[in-house]
Amino acid sequence: MSDSEDNGVKVNTDEPVENAWAMKIPEFKPEDNPNGLLEESSFATLFPKYREKYLKEVWPMVQDVASEYNLKAELDLVEGSMLVKTTRKTWDPYIIVKARDMIKLLARSVPIEQAKRVLQDDTGCDIIKIGNIVRKKEKFVKRRQRLIGPNGATLKSIELLTDCYVLVQGNTVSAIGPYKGLQQVREIGTDEGSKITNEDWSRFLPKFKNKNISKRKQPKNKKVKKEYTPFPPAQPESKIDKQLASGEYFLSKEQKRAKQNKERDVKQAEAKKKQQERREKDFVPPVEPTPGPSGVKRKADVEKVDVKNLKAKIAKANKKVKSK
């Protein structure tokens, strides 16, 4: 272990380079810069016409996010541009650069939920231009499709491995996440990604068991065939047909109302009767057997006595007495 001093700060030179990615960036607070910024800074970027509707809807959210860092965000629909600028209350000098990256991502079809993550200290972004890598358009389309993969499997695998949000749009690849993951996404998106053309990226995706049973494996329910008849089935009776059959169709409105009231009263009476019987059932005393006179068995008990068995016991007892 060897330490080197630089302006009074000790730096460990023997530690591996990978530990640099694990270093935690210290938080920059308003107390660190109480006087604010000396000059105003601003960045602007253009956006395509098809993004106008989305940006118009989410712009209040963009302004709320910018106000948390004492920034101003302006949307110009006439020129088709977005602008972010600092204010007198802005204390972080680098936040305007991150705000610039946010509006650039918004212009490249990244949703606001992902684009606002760039304002965090441990999160960055990278916009990779892949349109100039190859000259032939057909080859470029194939390479772009290779990044997405079948059903988006390759793109999803890249996101899981790098812990970054990746969006392929037009001639660019937008990535948002930790800085180490951004470096890996750039290596995959550029010429170095062509080395892993034949790799199966689906192995990095989580595998879930399919609970849907195919139609071939499902048990077949045998349908009973009905007897063939050349005549079509009879049509069901309509409400008017039933009224004509019962004679209700020819009644007046008052007679119909009186009939309905009568049927309703009958139903209510039947329901009331059943409810009353159910209530009175709890108060009905159970039937108890009446005991006979003392020392005398009841007729039912006498009928239950086995006469043959009784005679056999008496004969057996008499034999024992005689033998004595």
Side-chain angles (χ1 to χ4, degrees), residues 18 21 43 45-59 61-62 65 80-82 97-120 122-212 214:
E18 293 183 357
W21 300 111
F43 287 100
T45 184
L46 301 175
F47 60 85
K49 185 69 176 177
Y50 64 87
R51 291 290 290 171
E52 181 178 332
K53 184 179 178 181
Y54 177 78
L55 292 174
K56 189 176 180 181
E57 292 177 356
V58 302
W59 198 250
M61 190 183 300
V62 177
V65 173
S81 64
M82 293 178 285
V97 179
K98 287 195 167 271
R100 177 203 61 184
D101 295 339
M102 181 181 69
I103 60 176
K104 279 186 177 182
L105 293 170
L106 289 173
R108 283 168 172 77
S109 301
V110 177
I112 180 61
E113 290 80 9
Q114 296 292 339
K116 67 180 181 180
R117 292 173 51 202
V118 187
L119 299 176
Q120 301 173 6
D122 56 348
T123 306
C125 75
D126 192 4
I127 299 173
I128 308 163
K129 294 182 180 181
I130 58 175
N132 301 329
I133 296 176
V134 291
R135 293 182 179 181
K136 293 183 180 180
K137 187 176 181 181
E138 296 179 356
K139 192 174 182 181
F140 162 70
V141 172
K142 289 181 180 179
R143 179 167 291 186
R144 185 177 61 182
Q145 186 60 34
R146 194 182 300 141
L147 283 173
I148 299 172
N151 299 324
T154 304
L155 191 65
K156 191 64 180 176
S157 301
I158 294 171
E159 290 182 345
L160 291 174
L161 291 171
T162 60
D163 198 18
C164 293
Y165 171 82
V166 185
L167 176 68
V168 180
Q169 177 72 18
N171 297 332
T172 59
V173 176
S174 303
I176 305 168
Y179 294 100
K180 184 178 180 181
L182 294 176
Q183 184 180 6
Q184 295 170 347
V185 173
R186 175 166 282 275
E187 291 176 359
I188 295 170
T190 54
D191 285 338
E192 295 182 7
S194 60
K195 300 177 183 178
I196 50 177
T197 304
N198 300 323
E199 293 289 338
D200 184 16
W201 289 83
S202 61
R203 68 181 188 273
F204 297 108
L205 294 175
K207 295 180 181 180
F208 301 100
K209 292 183 179 179
N210 189 8
K211 295 182 180 180
N212 297 328
S214 62

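- Sparse packing is recorded around CD of Glu138, with 12 or fewer heavy atoms of other residues, nucleotides or ligands lying under 6.0 Å away.
- Partners of Leu155 by side chain to side chain contact (heavy atoms under 4.5 Å, CB included), not counting sequence neighbours, listed by chain and number: Val166, Val168.
- Within the model, atoms OG of Ser109 and OH of Tyr50 stand 3.5 Å from one another, a figure rounded to the nearest 0.5 Å.
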Table please: side-chain donor-acceptor pairs of residues 124-132 below 3.5 Å, with sequence neighbours left out.
residue : atom : partner : partner atom : Å
Asp126  : OD1  : Arg186  : NH2          : 2.9
Asp126  : OD2  : Arg186  : NE           : 2.8
Asp126  : OD2  : Arg186  : NH2          : 3.4

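- Note that the CG atom of Leu46 and the CD1 atom of Ile103 stand 10.0 Å from one another [nearest 0.5 Å].
- Inter-residue side-chain proximity for Met102 and Val62 is flagged as met; some heavy-atom pair is nearer than 4.5 Å.
- Scored by the salt bridge (charged side-chain N to carboxylate O under 4.0 Å, His left out) test, Lys136 finds no partners at all (sequence neighbours excluded).
- Here CD1 of Ile112 is found 9.0 Å from CG of Leu55. Values are rounded to the nearest 0.5 Å.
- Separating the CD1 atom in Ile188 from the CG atom in Leu161 is a distance of 7.0 Å, to the nearest 0.5 Å.
- Residue pairs meeting the salt bridge (charged side-chain N to carboxylate O under 4.0 Å, His left out) criterion with at least one partner in residues 48-58, sequence neighbours excluded, are Lys49-Glu52.
- Within the structure, salt bridge (charged side-chain N to carboxylate O under 4.0 Å, His left out) pairs that include any residue of residues 100-109 do not occur (at least two apart or interchain).
- Looking only at distances, a side-chain donor or acceptor of Lys98 sits under 3.5 Å from a matching main-chain atom of Thr123.
- The shortest non-hydrogen separation linking Tyr54 to Pro111 is OH-CA, 3.4 Å.
- Partners of Gln114 according to the side-chain hydrogen bond (donor to acceptor under 3.5 Å, both in side chains) rule, which considers only residues two or more places apart in sequence or in another chain, are Arg117.
- Between Ser174 and Val110 the shortest heavy-atom distance is CB-CG2, 4.0 Å.
- Contact between Gly170 and Phe140 at its shortest, heavy atoms only, is O-CZ, 3.7 Å.
- The nearest pair of heavy atoms linking Cys164 to Gly177 is SG-CA, 3.8 Å.
- For the atom pair CD of Gln184 and CD1 of Ile158, the computed distance is 10.5 Å after rounding to the nearest 0.5 Å.
- Rounding to the nearest 0.5 Å gives a distance of 9.0 Å between OG1 of Thr154 and CD of Gln145.
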